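Okay, structure first, notes after.
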Amino acid sequence: MANMAQAVRMALHYAEENLGVTDVFGEDVGPPLGGVFTATQGLKTAWNSPLDERGIIGVAMGLAMAGQRPVAEIQFCDYIYNTIDLLKIAGNTCWCTNGDWNLPMVVKTPVGSGIRGSIYHSHSFDATATHIPGWKIVMPSTPLDAYGLMLSACQDDNPVLFLEPKALLRIKGDEPIPGEPADERALSKMIDAPLGDRSAWKPDWPALEPYFVPIGKARLVREGTTLSVVSYGRMLPLCVRAAAALAETGIRAEVIDLRSLWPYDWEAIRDSVEKTGKVLFVNEDTEVTNFGEHLLRRTVEELFYRLLAPPRLLAGKFVPGIGLADPLEAASVPQLSDITEAIRSLAAEQA
Amino acid sequence: MANMAQAVRMALHYAEENLGVTDVFGEDVGPPLGGVFTATQGLKTAWNSPLDERGIIGVAMGLAMAGQRPVAEIQFCDYIYNTIDLLKIAGNTCWCTNGDWNLPMVVKTPVGSGIRGSIYHSHSFDATATHIPGWKIVMPSTPLDAYGLMLSACQDDNPVLFLEPKALLRIKGDEPIPGEPADERALSKMIDAPLGDRSAWKPDWPALEPYFVPIGKARLVREGTTLSVVSYGRMLPLCVRAAAALAETGIRAEVIDLRSLWPYDWEAIRDSVEKTGKVLFVNEDTEVTNFGEHLLRRTVEELFYRLLAPPRLLAGKFVPGIGLADPLEAASVPQLSDITEAIRSLAAEQA
Amino acid sequence: MSERGPSRPRPQLVRAEGEGLGIDRELLVRMHELMVKARVLEERLIQMYKAGHGYFWIGGPGEEAFNVPLGLLMKRGQGPAYDYLHGHYRQSATLLALGEEPVGALRQMKNTATDPYSAGRNFAGHFTKRAWNIAPITSPIEVQYAIAPGTAMAQKRFGGDGITIVTGGDAGTAEGDFASCLVWSSRPGQELPILIIVTNNHWGISTAAATQQGAKSLADRGKAFGMRTASVDGNDVVGSYLALKEAFGYVRSERKPFLMEAMVSRLYGHSSASGANPVPGEVDCIATFEEQLEKGGILNRAAMVQVRERWTKEIGEAARRVRDEPMPAPESIWNNIYKERS
Amino acid sequence: MSERGPSRPRPQLVRAEGEGLGIDRELLVRMHELMVKARVLEERLIQMYKAGHGYFWIGGPGEEAFNVPLGLLMKRGQGPAYDYLHGHYRQSATLLALGEEPVGALRQMKNTATDPYSAGRNFAGHFTKRAWNIAPITSPIEVQYAIAPGTAMAQKRFGGDGITIVTGGDAGTAEGDFASCLVWSSRPGQELPILIIVTNNHWGISTAAATQQGAKSLADRGKAFGMRTASVDGNDVVGSYLALKEAFGYVRSERKPFLMEAMVSRLYGHSSASGANPVPGEVDCIATFEEQLEKGGILNRAAMVQVRERWTKEIGEAARRVRDEPMPAPESIWNNIYKERS
Ligand SMILES: Cc1ncc(C[n+]2csc(CCOP(=O)(O)OP(=O)(O)O)c2C)c(N)n1
Ligand SMILES: Cc1ncc(C[n+]2csc(CCOP(=O)(O)OP(=O)(O)O)c2C)c(N)n1
Ligand SMILES: [Mg+2]
Ligand SMILES: [Mg+2]
């Protein structure tokens with residue numbers, strides 16, 4: 001099975017061939033490197049930009065205005081914070097012009113911790129992003145969803161932010177990308193750039209098929225009745241593992257992968273919480289003015305009288321950075337044990 | 001009584017004379033204009049900067065590193081969004097260097113709607129700011145609090161963000177700034193720059209006295225027992241008016257002016273909610289990933305079993321901007337009638 | 001270009017030939033008309049503001065001599081075959097020169113539902129017109145310089161002779177985006193067909209350029225990037241026309257960037273926030289031009305007065321019509337957040 | 001400057017005078033020693049990374065010939081009377097030249113609680129030392145250029161001869177912050193005492209400068225601002241020393257900005273993310289310098305080998321000591337978010 005980086009790459013290839021994507025660009029996105037996580041290797045429209053995030057976002061906007069369909073990369077979301085004004089403009093252009101202009105553009109950027117990235121390769125961007133109107137925001141937790149969400153992102157006529165949980169980029173999926181060869185070594189040979197001189201290398205793309213994960217649609221990953229766990233990105237597989245482990249103790253946690261942060265699948269959350277009466281939101285962004293707090297607020301607003309216990313948020317500690325040393329990262333970002341403990345304690349809570 | 005712009009100006013004068021403030025700077029902050037809201041007229045350390053917000057924040061950091069105490073202004077918070085990375089660095093420098101460096105600097109910037117400012121003179125910044133660790137964040141709703149919070153900000157050894165509710169800058173207070181003359185025309189004559197040629201003008205400062213509003217301390221503005229209303233900035237006086245009007249109907253709303261957004265006075269909120277069992281949070285920032293959602297989450301987390309009704313948030317609509325035409329602004333940002341209605345309906349709610 | 005704009009009675013020509021002005025008499029007359037039209041429009045907008053029929057004014061009186069030729073030289077249309085304009089909030093004369101009806105600006109001033117640029121959402125002077133490649137004018141200073149290379153890149157790729165034009169003020173060049181524009185426009189082997197313009201009125205609100213700008217000439221900032229540059233008197237309409245024509249020609253054919261600085265006036269100060277009153281001592285490009293036209297025997301005073309009166313009347317009537325147009329509905333805030341596929 | 005750093009046995013001099021190298025023999029020997037020490041330190045850091053005693057390496061092998069003179073010329077101390085350095089992540093040689101002990105870098109690499117720069121929080125090469133005016137090195141590219149004018153402004157005000165130095169890579173000059181630095185440093189009448197440096201290794205990670213930089217010389221970008229500029233061979237330690245000395249002298253006495261570009265090598269590639277292996281074809285400034293020293297009769301091979309061996313041994317021992325030092329405690333994440341008044 002493909003890993004998430006390969007899935008993104010294949011999606012972008014499919015989008016270049018079939019969805020009109022004209023540019024995949026950013027720092028080190030083009031040859032020879034093809035992206036610091038290899039997600040853009042071998043793409044025919046990939047090119048390297050100057051080291052200038054403001055230029056990257058600005059040029060993506062300009063390209064989109066001129067009928068192109070760009071996919072711009074910010075190498076790490078940690079370096080996107082000097083472009084928030086431009087992201088806001090990209091998000092408000094359609095509204096400010098009352099529909100005169102729209103910007104079909106995708107911004108992809110790796111997010112989150114888990115690769116010992118220290119202070120500036122561990123940021124989350126979901127809180128900041130969800131506060132910017134006019135964008136659609138997606139964040140896969142599996143290679144197949146990455147493929148399907150990227151196709152939907154590239155097809156959309158609006159700005160779409162594609163958040164890549166960087167610790168999952170090298171993780172293989174359980175389900176094949178439609179069209180990928182059965183043998184993963186064969187896939188690697190076809191589409192992974194060789195080490196050393198790559199100047200003559202060309203990928204041999206498999207015959208990929210369309211697969212669209214609709215933006216705004218969550219995935220019910222694990223059914224359960226004791227409580228609901230709503231998460232996304234890198235925290236999602238940890239939630240699934242915690243739920244699986246706790247199943248043996250009789251706690252049956254339902255796990256929802258939100259996949260789209262904006263618009264998000266409120267019906268999926270509502271249905272689950274109406275069933276279980278208890279919900280835990282999990283993400284790794286810092287916990288003050290956090291997107292999970294929005295979800296929790298809406299839960300309280302609409303489902304207060306269905307709740308059997310206070311809805312809970314498990315998120316990153318509100319500290320200025322994620323430290324490099326393992327004990328620091330573990331103390332700052334939810335770990336498997338924290339999630340397990342949070343589920344266990346919420347399950348035990350009696351209103 | 002002084003208005004808030006005059007109060008800020010007097011605080012900065014006091015801080016120049018007594019707290020070591022060395023620079024009050026930004027676009028049009030120095031002579032001849034003294035700030036687009038006149039808040040920096042006549043200050044001896046005020047100077048005009050290039051039109052470059054990144055430079056303004058960067059230079060404030062550099063000045064702070066070199067032992068100066070700068071107060072930097074971003075002319076409207078709408079134009080601060082290309083500096084978020086620098087604000088993050090200002091906020092994380094002490095932590096990243098494990099205490100080696102600290103940055104005693106104040107950033108002041110007008111926020112919010114209410115002056116028919118259209119899309120780019122109406123932004124709120126409390127949600128974005130409270131997600132940035134390492135800052136202290138204050139937002140007065142009266143001239144006296146503006147004075148007292150600015151003094152505390154200028155005295156702090158850490159970055160402090162001073163949010164000025166722009167619609168309140170020209171509103172006079174109920175309480176005098178310690179040292180201001182009793183006659184407000186006399187004050188104006190002393191410290192307001194004349195129209196026309198100002199090149200020879202010098203202010204005649206009153207003998208101001210120190211008055212520090214501690215950062216992190218809320219103000220109980222109105223006592224009540226029916227429910228708690230927690231707000232700050234421009235929404236605060238509207239909450240007070242709504243509460244006063246509803247008192248006649250028997251609804252006794254307690255109103256808390258948070259004043260400091262970070263750190264905030266949890267004890268004040270907790271005590272009030274423990275008493276009333278109902279709470280409405282009000283601010284005018286857009287409502288998705290909003291700071292009020294943080295306060296609401298904490299309320300749910302710590303006080304769930306004391307709640308008599310779901311805690312509520314009233315905030316700005318999640319639209320890309322605040323439109324110029326009156327009906328658009330009124331539909332986007334909480335109005336007095338919205339607040340009144342929200343209080344009334346929460347008061348009526350029975351769990 | 002004569003097909004642009006509704007046809008109107010032409011002012012009478014005194015002589016067959018303009019003498020010594022270096023360009024065709026018909027064009028001179030046309031430029032004069034557009035400059036006056038733009039000035040009258042801006043003065044009407046100011047009047048509306050002062051009468052309480054609008055909340056904020058910002059615009060371009062004092063930039064007509066540069067902005068009219070700019071509009072006339074643009075290739076109007078939609079898509080990369082045509083010229084893109086990434087303008088700023090002093091661009092009315094360019095829009096009128098392209099053929100835009102003035103009533104739209106009045107509607108935006110009055111923030112009516114009929115405002116064609118933003119349906120009552122945005123400030124005056126914030127034009128947009130996708131059908132003519134007019135990028136939305138936004139309030140944040142200088143961001144257009146980061147965006148403009150994107151349309152130019154599409155045009156380089158597309159071929160043809162469409163180019164991108166980006167304009168902004170002098171103070172704004174202190175923002176990093178101005179430098180980003182220079183960097184992205186001059187990548188070796190990937191130079192962009194972009195005309196980068198700075199209209200230098202020597203002020204940013206209340207701040208004199210001389211106190212903040214160490215660059216002797218803003219145009220010089222292009223030199224390190226191997227860019228062609230020029231500095232022109234933007235109050236001289238003939239000189240501006242000729243300089244712009246050369247720059248357009250270069251960018252169109254060479255597909256390379258050109259940086260131009262134009263010295264202009266700020267006749268009514270920064271905006272309504274600074275009073276929107278006439279500023280003594282600023283050169284008025286229309287007054288100068290009218291002297292030239294009279295001296296050169298192109299137009300006489302009476303004809304010029306007539307032009308102004310005609311536009312005053314016509315735009316005045318439009319303003320009165322606009323006065324009773326409806327405000328946008330509250331629920332319209334939810335419209336057009338996204339474009340949904342049709 | 002000889003009082004800096006612990007005193008050590010001096011390598012034996014072959015001759016009394018360096019011939020033709022243009023600077024004092026003792027200084028040459030000192031610079032050689034520091035260059036080797038810095039190289040050995042970086043090679044040890046790479047080795048630690050490869051052995052799993054650290055998660056990420058980035059550093060300055062290939063910049064010693066420029067960064068050592070830079071550190072030697074700095075006026076070390078705290079406050080505006082002394083020089084400020086706003087460096088980037090290839091600055092180890094400068095720190096060592098200033099007298100810093102190498103063990104701190106090893107501790108940061110191993111992210112121990114004892115790491116003097118960040119207590120195990122930050123990546124290797126992210127120095128900070130307030131006692132010597134060393135501003136914290138941060139990962140985001142180019143932000144130091146926006147910050148540095150602030151310390152220079154305080155120094156202009158303070159008087160004296162302290163200056164601010166800011167350094168960064170070539171690719172990073174595409175960020176607007178580089179331009180901001182030029183703007184803020186050259187405001188008319190308010191020029192700042194700042195030495196603005198770009199170390200040009202012709203790469204940004206995998207991207208060749210020649211594909212992105214239209215500026216023929218990055219130093220030229222200062223010219224429009226009326227700034228003194230220079231472009232030097234940063235692999236030539238003697239040339240770098242002399243050029244830097246002149247630039248320091250100018251900035252110290254004139255209190256005006258100077259922009260210097262230094263051509264350097266990236267001997268082990270970008271970072272551990274690109275393998276941290278020797279890159280064929282890059283000029284090694286130490287090898288070149290050692291040839292010069294030998295030819296010039298300043299040091300013989302044996303003496304130079306001895307220098308390297310001494311540092312290899314000493315730094316190796318330090319690395320072994322560091323290996324067993326404790327990790328930071330989990331609850332230490334809460335320390336030093338704010339400075340509280342004592
Ligand atoms: C990013 C940003 N910062 C600040 C402002 C507020 N502002 C509006 S116009 C202006 C001055 C602009 O001066 P200049 O660029 O010379 O243009 P001019 O108005 O003189 O044509 C300022 C500071 C803004 N609109 N955007
Ligand atoms: C703002 C920002 N964008 C991207 C990165 C990722 N990054 C780290 S180093 C680097 C290349 C820097 O090149 P250059 O400025 O030439 O310095 P060099 O490493 O060559 O010394 C990049 C893109 C970053 N650290 N900061
Ligand atoms: Mg100007
Ligand atoms: Mg480089």
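Small disclaimer: the values here were computed from a predicted structure and weren't measured. Each chain gets a letter, A, B and so on, in the order its sequence line appears, and its residues count up from 1.
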Hey, does Leu163(B) have a side-chain heavy atom less than 4.5 Å from the side chain of Thr109(B)?
->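 Result yes, sub-4.5 Å side-chain heavy-atom pair found.
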Sub-4.5 Å side-chain heavy-atom contact between Glu274(B) and Leu303(B) =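 They are in contact (side-chain heavy atoms under 4.5 Å apart), so the answer is yes.
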Taking every non-hydrogen atom, the tightest pair across Ala309(A) and Tyr305(B) |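 Scanning both residues completely, I find the closest heavy atoms to be CA-OH, 4.1 Å.
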When the ring centroid of Phe318(A) is compared with that of His294(B), is the distance short of 6.0 Å?
->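 Between Phe318(A) and His294(B), the centre distance exceeds or equals 6.0 Å.
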Leu87(A)/Tyr81(B) under side chain to side chain contact (heavy atoms under 4.5 Å, CB included): CA gap, chis, key distance, verdict = CA-CA 9 Å; Leu87(A) 297 178; Tyr81(B) 292 92; over 6 Å; no
Interface residues of residues 323-330 of chain A facing chain B - non-hydrogen atoms under 4.5 Å apart |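 Residues of residues 323-330 of chain A touching chain B at under 4.5 Å: Gly323(A).
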Determine whether the side chains of Asn283(B) and Tyr232(B) contain a donor N or O and an acceptor N or O closer than 3.5 Å.
->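 On atom types as modelled, these side chains qualify, holding a pair under 3.5 Å.
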Test item: side-chain donor near acceptor, Asn158(A) and Asp156(A), under 3.5 Å |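 There is such a pair (donor and acceptor under 3.5 Å, judged by atom type) between the side chains of Asn158(A) and Asp156(A).
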I'd like to know which of [options] tops the heavy-atom pair count under 4.5 Å against chain B.
| options | answer |
| --- | --- |
| Lys88(A), Arg297(A), Arg312(A), Glu287(A) | Arg297(A) |
| Val288(A), Ile84(A), Asn92(A) | Val288(A) |
| Asp285(A), Ile80(A), Leu295(A), Thr128(A) | Asp285(A) |

Option from Val333(A), Ile115(A), Ile322(A), Val111(A) for which side-chain contact (heavy atoms from CB on, under 4.5 Å) with Ser122(A) holds |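 With Ser122(A) as partner, side-chain contact (heavy atoms from CB on, under 4.5 Å) holds for just one option, Ile322(A).
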Basic-acidic side-chain contact under 4.0 Å: Glu284(A), Arg234(A) =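 Looking at Arg234(A) together with Glu284(A), the answer is yes, because their closest N to O distance falls below 4.0 Å.
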Residues Glu301(A) and Arg298(A) bridged, charged N to O under 4.0 Å =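 Looking at Arg298(A) together with Glu301(A), the answer is no, because their closest N to O distance does not fall below 4.0 Å.
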What part of Arg54(B) gets closer than 4.5 Å to chain A, counting heavy atoms only: side chain, backbone, both or neither?
->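 Only the side chain of Arg54(B) comes within 4.5 Å of chain A.
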Side chain, backbone, both or neither of Ile132(B) within contact of chain A (heavy atoms, under 4.5 Å) |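 When you check distances to chain A, only backbone atoms of Ile132(B) fall under 4.5 Å.
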Between Asn82(A) and chain B, which part of the residue has a heavy atom less than 4.5 Å away: side chain, backbone, both or neither?
->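 The answer is both parts of Asn82(A).
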Toward chain B, the part of Phe281(A) with a non-hydrogen atom under 4.5 Å |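 Neither; nothing under 4.5 Å.
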Under 4.5 Å, counting heavy-atom pairs only, tell me which of Cys96(B), Gly321(B), Gly91(B) racks up the most with chain A.
->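 Sorted descending by pairs with chain A, the first entry is Gly321(B).
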With a 4.5 Å cut-off on heavy-atom pairs, point out which of Asp85(B), Thr289(B), Thr130(B) contacts chain A the most.
->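 Answer, by heavy-atom pair count under 4.5 Å with chain A: Thr289(B).
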